[in-house]
Amino acid sequence: MIRLIRALIDTAALRHNLGTIRAYAPGAKVMAVVKANAYGHGLVSTALALADADAFAVARLEEGVVLRSAGVRAPVVLLEGVFSAEQLAEAAHHGFELVVHDPLQLKLLESHRGPERFIVWIKMDTGMNRLGFRPEAFPEALQRLRALPVPALELRLMTHLARADEREVWMTREQVAAFDHAIAAAGLSGKNRMATSIGNSAGILGWPNAHGDWVRPGLALYGVSPFGGETADQHGLKPVMTLETTVLTVRQVKAGETVGYAGAWRAERDSAIAILAAGYGDGLPRHLDNGTPVLIGGARYPLVGRVSMDMIAVDVSAAPKVFTGSRAVIWGAGLPVEEVATHADTIPYELLCGVSQRVPLELK
Ligand SMILES: *Cc1c(COP(=O)(O)O)cnc(C)c1O
């Protein structure tokens, strides 16, 4: 049975994108970021498709536990770390790598007495001002981590870029310089060298000096460009998710009549309107604007009127061959999610993560 609406996940595209990322960051190891249900693509199936990744990164402990329960044995990095002794014990049980960004997390590690030893990523804040030790607080954090009663298996260094998606902005250079400077000032060169990780997708694709020993791609793995106005294929990436739905009916609307809630769209002439099974209950933003493209039979038609919970309306007056049962693409192959995002005044990340539980994911 073909579902009315489904998100097709192209696992070959996932693997292709991993290869593209490796070509952009030769020599770097890849920590595939699969937080938030792999950006809506399905956490476990994505990790299984990316078995060649060197590690997986998740935001929360629970996400890592799901991976382990599915039999994923690869290294798993908790990007936000742990926040209680119970979480630390669970992370130890599963062999997770920990990001440490806050003094509380230092205390938890100092209190840890178990036999398990952790790979610890010390997060440095080089300007994002979200998580991480500021460069001036870094030496003390490092010193405490070196003095743990149960020594870390390995200490590594991480920072996160705030504006790498803006090619003309200087901040990425400043962040990398601040990171390098703090590392040098702490004497971590030569035989004291520690592995580093800097680049997210935009860092990987746009800033060769902002990679580090480990790169952390999310969006690029899913075949989407992090740069506004640039498409994935310019970077050699293929879209992984195609959100596909069905025409429920096609109706003739007379000039002057309105379509949908609030009469938000009025027909200027007699029009053929297709009603599609996709709405905000499936994760479409309610404020997709009039004119948002929808792909039916390979051609684009404009969305008209309000997005409702289960349906949208599309003006198919120019398309005699759209019928009840015709398939339509909301975004994905042939219609980049980057482009759809601009019609909702948002970013592709939010659209992908927002696909709701009602939409079945189907691997292809
Ligand atoms: C989400 C996240 C990433 C991945 O970012 P993309 O822009 O999707 O590549 C990398 N690092 C950290 C710390 C993150 O939170």
Side-chain angles (χ1 to χ4, degrees), residues 25 28-29 31 33 35 54-55 57-61 75-85 87-88 91-92 96-112 116-164 169-200 202-204 207-216 218:
K29 292 191 173 172
M31 190 189 293
V33 180
K35 62 192 179 185
D54 301 294
V58 294
R60 315 266 161 82
L61 179 70
V76 170
V77 182
L78 303 184
L79 291 173
E80 294 172 0
V82 292
F83 296 89
S84 66
Q87 287 194 348
L88 187 75
F96 295 151
E97 300 180 12
L98 302 178
V99 169
V100 168
H101 58 81
D102 182 274
L104 170 88
Q105 297 175 324
L106 296 174
K107 277 222 179 77
L108 290 172
L109 282 169
E110 284 163 347
S111 309
H112 175 61
E116 309 90 348
R117 296 174 58 191
F118 291 96
I119 291 179
V120 173
W121 291 88
I122 313 172
K123 182 131 181 201
M124 202 188 307
D125 177 18
T126 52
M128 176 71 129
N129 270 316
R130 204 175 57 176
L131 300 183
F133 299 99
R134 297 176 69 95
E136 60 271 23
F138 167 67
E140 192 207 324
L142 176 67
Q143 192 233 319
R144 286 175 65 180
L145 286 165
R146 280 176 157 161
L148 290 178
V150 180
L153 209 50
E154 190 181 333
L155 296 178
R156 299 178 181 171
L157 305 166
M158 177 184 291
T159 195
H160 193 49
L161 303 171
R163 301 185 69 177
V169 162
W170 203 253
M171 184 167 181
T172 298
R173 288 183 182 83
E174 290 171 348
Q175 288 197 258
V176 172
F179 191 56
D180 288 346
H181 182 265
I183 290 171
L188 301 176
S189 51
K191 70 173 180 25
N192 293 328
R193 201 177 174 289
M194 292 179 179
T196 57
S197 176
I198 308 174
N200 59 351
I204 295 162
W207 304 86
N209 295 329
H211 289 172
D213 302 310
W214 286 79
V215 290
R216 306 189 307 273

| Taking every non-hydrogen atom, the tightest pair across G199 and L161 | CA-CD1, 4.4 Å
| Side-chain donor or acceptor of Q105 paired with backbone N/O of E80 under 3.5 Å | yes
| request: Please answer whether the main-chain N or O of A164 pairs with a side-chain N or O of W207 as donor and acceptor at a distance below 3.5 Å. | output: yes
| Can you tell me how far CZ of F133 sits from CG of D125, rounded to the nearest 0.5 angstrom? | 11.0 Å
| query | With sequence neighbours left out, which residue pairs that include part of residues 101-112 fulfil the salt bridge (charged side-chain N to carboxylate O under 4.0 Å, His left out) condition? | reply | E110-R144
| remark: Correct closest heavy-atom pair for L106 and V100 would be CD2-CG1, 3.7 Å
| query | Which distance, rounded to the nearest 0.5 Å, do you find between the CG of L155 and the CZ of F118? | reply | 13.0 Å
| Okay, side chain of Q175, backbone of A162: is any donor-acceptor separation there less than 3.5 Å? | yes
| said: Under a 3.5 Å threshold, yes or no: a donor from one side chain and an acceptor from the other, between R130 and H101? | reply: no
| said: Using the ring-ring contact (aromatic ring centres under 6.0 Å, His included) criterion, which residues pair with F179? Sequence neighbours excluded. | reply: none
| task | Heavy atoms only: give me the nearest P75-E97 pair and the separation to one decimal. | result | CB-OE2, 3.3 Å
| message | Quick one: does any side-chain atom of R117 pair with a main-chain N or O of A152 as donor and acceptor, under 3.5 Å? | response | yes
| Once you round to the nearest 0.5 Å, how far does CG of L78 lie from CH2 of W121? | 13.0 Å
| field | Separation of K123 NZ from M158 CE (nearest 0.5 Å) | value | 6.5 Å
| How long is the gap from CD1 on I183 to OG1 on T196, to the nearest 0.5 Å? | 6.0 Å
| query | Hey, what do you get for CG (N129) to NE2 (H160), rounding to the nearest 0.5 Å? | reply | 13.0 Å
| Distance-minimising heavy-atom pair for V33 and R216 | CG2-O, 3.6 Å
| field | Least distance between heavy atoms, R146 atom then L188 atom | value | NH2-CD2, 3.2 Å
| message | Quick one, L142 and M194 - any side-chain contact, counting heavy atoms below 4.5 Å? | response | yes
| query | What are the two closest heavy atoms between A186 and F138, and how far apart are they? | reply | CB-CE2, 3.8 Å
| Hey, is the main chain of I198 close enough, under 3.5 Å, to the side chain of T159 for a donor-acceptor pair? | no
| request: Please report the C-alpha distance between R156 and V77 in whole Å, then the side-chain angles of each, then the deciding distance to 0.1 Å, and finally whether the side chain to side chain contact (heavy atoms under 4.5 Å, CB included) criterion is met. | output: CA-CA 12 Å; R156 299 178 181 171; V77 182; over 6 Å; no
